[in-house]
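Only one structure is covered here, and it is reproduced in the block below.
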Amino acid sequence: MLVFWIAFNLFVLAMLAMDLGLFHRRARAVRFKEALAWSAFWVVLAVIFAGIVYQWRGPEQALQFATGYIVEQSLSVDNLFVFLLLFSFFKVPREHQHKVLFWGILGALIMRLVFILAGVALINQFHWIIYAFGALLIYSGVKLIFSKAEFDAENSTTLMLVRRYIPLTENFEGDRFFVRRGARRFATPLLAVLIVVEVTDVLFAVDSIPAVLAISSDPFIVYTSNVFAILGLRTMFFAVSGLIELFEYLNYGLAAVLVFIGAKMLLSNKNFHIEIPIAVTLIVIGGILALSIGASLAFGRRKKTQSGGSKAG
């Protein structure tokens, strides 16, 4: 099994090296069509990998990978909202945003691996923790209904700590994270943005990792589904950043997904022992997301039209 972990991580490093060569040779803004094409590329890679898992481990594991990938990709949309607000607050130039996301996601890959291995170990050692994870997901789902993704810079603990302990320049210095002023070395605001991105991912992992662990207890399946979703997150940000406000009701869909997965974890205890098949789980999650996206496109557009009509009148 170790050889598959090594091979997969070598593949990830190769993909990151390719990304580094294509996008970071010079700072530039990622165009919409380019981002869309790369987003499709990452999705196709995930589908190919699901086919490999199907041939290697069988249909059950392939379904677990596909479900985990969809859940992680869907929950990542909340990250995109925060990234958008964060870049807007700091006025990060578009040509430097991809660099922040690249290094932020590289750190996220390492942290996710640690969290997943720790989560699997905890579940194997203390089975009752799966019910704690289930309750956490239900709580997170209910909370998501009444909250929106927002970045409050004035009250951001992370940002206050960065400003307190790290000397920052007033302005961006190209795409550099550090600059030297005489004998002193200063961080730029780009580093502050990167640190906040990393901390944000840790907070979101509190929801997403237990959600995927509810679908599969196989650390390789959980890790690979997370990695494929995260690898496509950078280009997906540029593909949907201009359209993200259209998905007005997606939060309700994500909340329903978290509640459903949390309930699935709780129902698996020895008193109920109700196991929801992975195929049913995939259909339910896909249906919830499709309904919330469809409602956003249909009713959101209608509300905008009515709003525009009333203003015109």
Side-chain angles (χ1 to χ4, degrees), residues 9 12-13 15-30 35 38-39 42 72 75-115 149-181 184-209 226-227 229-241 244:
N9 282 295
V12 171
L13 290 174
M15 291 296 99
L16 290 172
M18 178 187 70
D19 185 280
L20 194 64
L22 287 173
F23 287 105
H24 295 148
R25 193 169 295 173
R26 67 185 190 281
R28 62 183 180 83
V30 179
W38 275 102
S39 296
W42 292 117
E72 181 62 32
L75 293 176
S76 294
V77 173
D78 259 9
N79 295 50
L80 299 185
F81 276 104
V82 174
F83 294 163
L84 190 62
L85 293 166
L86 181 61
F87 289 155
S88 176
F89 173 81
F90 278 99
K91 297 181 174 60
V92 180
R94 279 187 63 83
E95 61 268 24
H96 303 325
Q97 290 176 6
H98 195 278
K99 181 174 182 178
V100 173
L101 292 176
F102 176 87
W103 292 108
I105 286 167
L106 182 61
L109 291 173
I110 297 169
M111 288 188 289
R112 293 297 176 96
L113 177 60
V114 173
F115 288 173
E150 52 187 31
F151 177 70
D152 184 359
E154 299 303 320
N155 298 305
S156 169
T157 304
T158 303
L159 193 54
M160 285 191 287
L161 289 173
V162 168
R163 285 172 169 165
R164 182 172 182 177
Y165 294 105
I166 302 176
L168 293 173
T169 60
E170 289 293 324
N171 302 307
F172 291 100
E173 301 287 339
D175 65 347
R176 289 186 289 177
F177 291 122
F178 295 97
V179 292
R180 189 171 289 280
R181 294 280 187 269
R184 293 191 66 190
R185 199 179 190 192
F186 289 83
T188 70
L190 207 62
L191 181 71
V193 176
L194 175 60
I195 293 172
V196 177
V197 165
E198 295 286 12
V199 173
T200 299
D201 183 75
V202 172
L203 297 176
F204 277 108
V206 173
D207 290 338
S208 64
I209 296 299
N226 261 259
V227 167
I230 292 172
L231 284 175
L233 187 61
R234 302 182 311 284
T235 50
M236 188 169 75
F237 171 80
F238 295 103
V240 305
S241 59
I244 209 161

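One is the number of the first residue; the rest follow in order along the sequence. As a basis for the values below, the full set of heavy atoms in this structure was taken, side chains included, without hydrogen atoms, waters or symmetry mates.
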Correct closest heavy-atom pair for A229 and E72 would be CB-CG, 3.4 Å
To the nearest 0.5 Å, what is the distance between CZ on F177 and NZ on K99? 5.0 Å
Atom CG of L231 and atom CD1 of I105: how far apart are they, to the nearest 0.5 Å? 8.0 Å
Which heavy-atom pair separates N171 from P189 by the least distance, and what is that distance? O-CD, 3.4 Å
So how far is it from L168 CG to L191 CG, rounded to the nearest 0.5 Å? 7.5 Å
Decide yes or no on side chain to side chain contact (heavy atoms under 4.5 Å, CB included) for V100 and F83, but give the supporting numbers first. CA-CA 10 Å; V100 173; F83 294 163; over 6 Å; no
Is there side-chain contact between V179 and R185, with at least one heavy-atom pair below 4.5 Å? no
How long is the span from the CG atom in L190 to the CZ atom in F178, to the nearest 0.5 Å? 10.5 Å
Where the side chain of Q97 meets the backbone of V92, is there a donor-acceptor pair that is under 3.5 Å apart? yes
Least distance between heavy atoms, L75 atom then S208 atom: CD1-CA, 3.8 Å
Do I209 and N226 have side-chain heavy atoms sitting under 4.5 Å apart? yes
Can you tell me if T188 uses its side chain to pair, donor with acceptor, with the backbone of R176 under 3.5 Å? yes
I want to check something: taking the side chain as every heavy atom from C-beta on, are L233 and W42 in contact at a cut-off of under 4.5 Å? no
Taking all atoms of both residues into account, what is the closest heavy-atom pair of L194 and G104, and its distance? CD1-N, 3.4 Å
Student check: side-chain heavy atoms of V227 and R112 closer than 4.5 Å: no
Distance (rounded to the nearest 0.5 Å) between W103 CH2 and E198 CD: 11.0 Å
Using modelled atom types only, decide if a donor and an acceptor are shared between the side chain of H96 and the backbone of G174 within a distance under 3.5 Å. yes
So do F186 and I166 actually touch side chain to side chain, heavy atoms under 4.5 Å? no
First locate atom CG of L106, then atom CD1 of I230, and finally report the distance between them rounded to the nearest 0.5 Å. 10.5 Å
